[in-house]
Amino acid sequence: MAYIDEDFSKIATDLIKYEEKHDIDDNQMAVNLHMTVERYHAIKSMWDKPNPDEVKFIKEFLIHNK
């Protein structure tokens, strides 16, 4: 079962919106975020909660790459 948490859900939603806005696929996003595609999918689909370092990096990436 997917892990549901308000902050986690926002991260997943923000990743999806970013991909759509910039027409980027999961593979490129995983490269941009320096993680495996499997790890990216787990976070984006809310099957696995990102660790604090991943949360920080994802948020910084999304803020600085609008």
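In what follows, residues are counted from 1 in the order of the sequence shown.
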I need the Lys59 NZ to Lys10 NZ distance, nearest 0.5 Å. 8.0 Å

Nearest heavy atoms of Asn51 and Asp53, plus distance in Å: OD1-N, 2.9 Å

Between the side chains of Arg39 and Asp48, is the shortest nitrogen-to-carboxylate-oxygen separation below 4.0 Å, so that they form an ion pair? yes

Going only through I, L, V, M, F, W and Y residues with side-chain contacts under 4.5 Å, is there a path from Ile24 to Ile58? yes

Under a 4.5 Å cut-off applied to non-hydrogen side-chain atoms, are Val31 and Gln28 in contact? yes

dist Lys66:NZ -> His22:NE2 (nearest 0.5 Å) comes out at 10.0 Å

Interatomic distance, Ile43 atom CD1 to Lys49 atom NZ [nearest 0.5 angstrom]: 11.5 Å

Could you tell me if the side chain of Met29 sits less than 4.5 Å from the side chain of Phe61, heavy atoms only? yes

Closest contact, heavy atoms only, Ile11 versus Pro50: CD1-CG, 4.5 Å

Quick check for you: to the nearest 0.5 Å, what is the distance between Tyr40 atom OH and Asn27 atom CG? 10.0 Å

Using a 4.5 Å cut-off on heavy atoms from C-beta on, say whether the side chain of Lys21 contacts that of Lys17. no

More than 12 heavy atoms from other groups under 6.0 Å of CG on Asp23: no

Euclidean distance, Asn32 CG relative to Asp26 CG, rounded to 0.5 Å: 11.5 Å

CH2 of Trp47 to NE2 of His41: how many Å apart, nearest 0.5 Å? 14.0 Å

